[in-house]
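Here is the structure we will look at, set down as structure tokens.
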Amino acid sequence: MGPMRHLSLCIALVGTAVAAATASASTECRISKFAELPVTMSGGQPLVPAKINGVDVTFLVDSGASYSFISPAGASQHRLELHDAPPRLRARGVDGEVMDLAATYVEELRVADKVLHHFEFLVGGSEFSRSSVGLLGQNVLAIADAEYDLAKGVVRLMQPGNGCYKTGMAYWVKSDPYSVIDMLPSGARTRQMLAVAHLNGKRILVSLDTGSTTSFLTRRAAARAGFQPTAPGVVAGFSHGAGKRNFATWIASFENFKLGDEEIHNARLGVADVDMPDADMVLGADFFLSHHIYVANSQAKVYFTYNGGPVFDLRRFPSEGPTTQQSAGTVSPVEQDPDEPTDAAGLARRGAAYAARRDFTHAIADLTRACELEPNEASYFRQRGLARWGNGQPDLAKNDLDQALKLKPDDVEALLARAKLSLTRHDAPAVVADLQAADQASPKVANVRLEIAAIYTQAEMLEAALLQYDLWIAAHPEDAGQARAKNGRCWVRALMGRDLDKALDDCDHAVNMIGNSAEFLDSRGLVLLRLGKYDRSIDDYDAALRLNPRIAWSLYGRGVARLHKGMTAEGQADIAAAIAVRPSIVDDARKHGIVPPEESSPAPRSH
């Protein structure tokens, strides 16, 4: 059974619900709710709980995906049998790469109050998020109209009645105007939500995609609007999508962005060096979070109103420099419906949405009420702890994380959060205890091991970090995150001064995947320094510092390499500049035996 056969089954089920809801209707527009998906914002991603064959999982709600996916590691973790994907079916990630696909059946998939049997997922690509097993795409979300109210933590599948064909579907609006745009037709296999917008007066096509944490332009579309990567104020970085390839990114300013009746002046937007065949821009979860959106698949229209807050939230956009907040320009928020969540789950989801927008005051208020209503639910205390930490209240945050872990000792998200909080307090035993607990609670193939490795590295527990990197790299051979993972493993080995040839292989792989990344060039520069290849080390440090002049390790490492080359004045100047950026850099480097040639170099230490 292929995806199209399953889609037909879903439509038949919706048709039954529609007939019941509209039996007494004539020309009056009546909308019935087919399903309500409870959504929690986490790291800027809309996540929905589900069950695979009775086991609790989390899916990313991805309106930009034509089909629903499970990651290869997720399929392995849940022991799902793979088979060939439907013939001639190809999936293209946002990076433009066509992925090798398999497929699998889940005997029982439970989402919200719906149970789907023998549900087919595609399998392939990179991990979709740290905590989700896969994503729910348009073969679920487009079986009816879809209402995205992420600010209140919900996605609803809605079925309009017979009298709704010409009716405005922004039913929550009482008196204020709303925007409406036409959806452009897309192929039966792509099912993308496409519409027309204007950037600096140039017509562009936008794709409405909750699977992307942030909104971004393609480089080609940005260039038509005057974008130049080397212009003053442009910030560079890199990222990856569902495919295997990594790509360059930038943040730049544009005079004007217009969608429907909304207009934003001096818009600061992300730009990605990707070639999307059907769209020039992705409107991501940040756009959805700042709007209430009704996708009327029945009318081929999208209705939306502005909630307030940043429309394009660049805090999570990958860059190697500072970002700024984006206001909404000439847009004003509409008066929303008076219905307020009163149950703990609804309050917690709205609190998570507030926290995703860094409105911690309202987030803490909602989450406090949720904790009061359900004091035995660990996730509410964990979410409030994270909100309090974001609000600059680390002591209260720790109290909440302690309570969350008292209620649920194997809550990996809470364990990692408390480990990072302990790291800021230089409490090494607490960091080790929580990371070891997270290690024990996570499957070997879990994507979270990459974060465990990074925290171990920050804590200077390098042997443990190396083990976590080894586990993740072995379990994710085709993942675009390989570049970051191999750079991390390269850096750990460079600090340890051990297996430097293997470290160089890892760094070469990372640099070749990404290209010009200051972070990766900095790592390779240290490996080359420890190998005594000073000219090549200086070249990498030069390249890293051109991208980011304030990397303390690059300044220090180049200084040491120059001193080895007899370039005394230049080397001393670099070390002085490194100390100005990071006063502890000399002591940090000395711990690992990375010292100027005139000092006696102890053997590198392993941690």
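For this chain, numbers begin at 1 and follow the sequence in order.
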Measure up the His83 and Tyr105 rings against each other and bin them: parallel (under 30°), tilted (30 to 60°), perpendicular (over 60°).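 Taking Tyr105 first and then His83, their aromatic rings lie parallel (interplane angle under 30°).
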Does NZ or CZ of Lys114 fall inside the cone over Phe34's six-membered ring, less than 6.0 Å from its centre and within 45° of the axis?
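Flagged: Lys114 positioned over aromatic ring of Phe34.
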>> Looking only at the aromatic ring of each residue, does the gap between the centers of Phe119 and Phe121 stay below 6.0 angstrom?
In response: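 Judged by ring-centre distance (under 6.0 Å), Phe121 and Phe119 do meet the cut-off.
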Thr249 vs Phe216, test: side-chain contact (heavy atoms from CB on, under 4.5 Å). Steps then yes/no. CA-CA 9 Å; Thr249 62; Phe216 65 89; over 6 Å; no
Salt bridge flag under 4.0 Å for residues [X] and [Y]:
X: Lys408; Y: Glu377; value: no
X: Arg382; Y: Asp411; value: yes
X: Asp439; Y: Arg449; value: yes

From the options Lys486, Gln482, Arg489, Arg524, select the one residue that forms a side chain to side chain donor-acceptor pair (under 3.5 Å) with Asp506.
->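 Option passing the side chain to side chain donor-acceptor pair (under 3.5 Å) with Asp506: Arg489.
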For residues [X] and [Y], report the shortest heavy-atom separation together with the two atoms involved.
X: Ala503; Y: Val527; result: CB-CG2, 4.0 Å
X: Ala417; Y: Leu386; result: CB-CD2, 3.6 Å
X: Ala75; Y: Val123; result: CB-CG1, 4.2 Å
X: Ala272; Y: Trp250; result: C-CZ3, 4.4 Å

**Message:** Between Leu80 and Ile70, does the side-chain contact (heavy atoms from CB on, under 4.5 Å) criterion hold? Intermediate values first, please.
**Reply:** CA-CA 10 Å; Leu80 300 175; Ile70 288 179; 3.7 Å; yes
- prompt: Does any donor atom in the side chain of Asn139 or Ser68 lie under 3.5 Å from an acceptor atom in the other side chain?
  reply: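 Indeed, the side chains of Asn139 and Ser68 share at least one donor-acceptor pair under 3.5 Å.
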* Please lay out, stage by stage, how Lys420 and Glu451 fare under the test salt bridge (Lys or Arg N to Asp or Glu O under 4.0 Å). => CA-CA 10 Å; Lys420 288 188 280 190; Glu451 184 168 357; 2.7 Å; yes
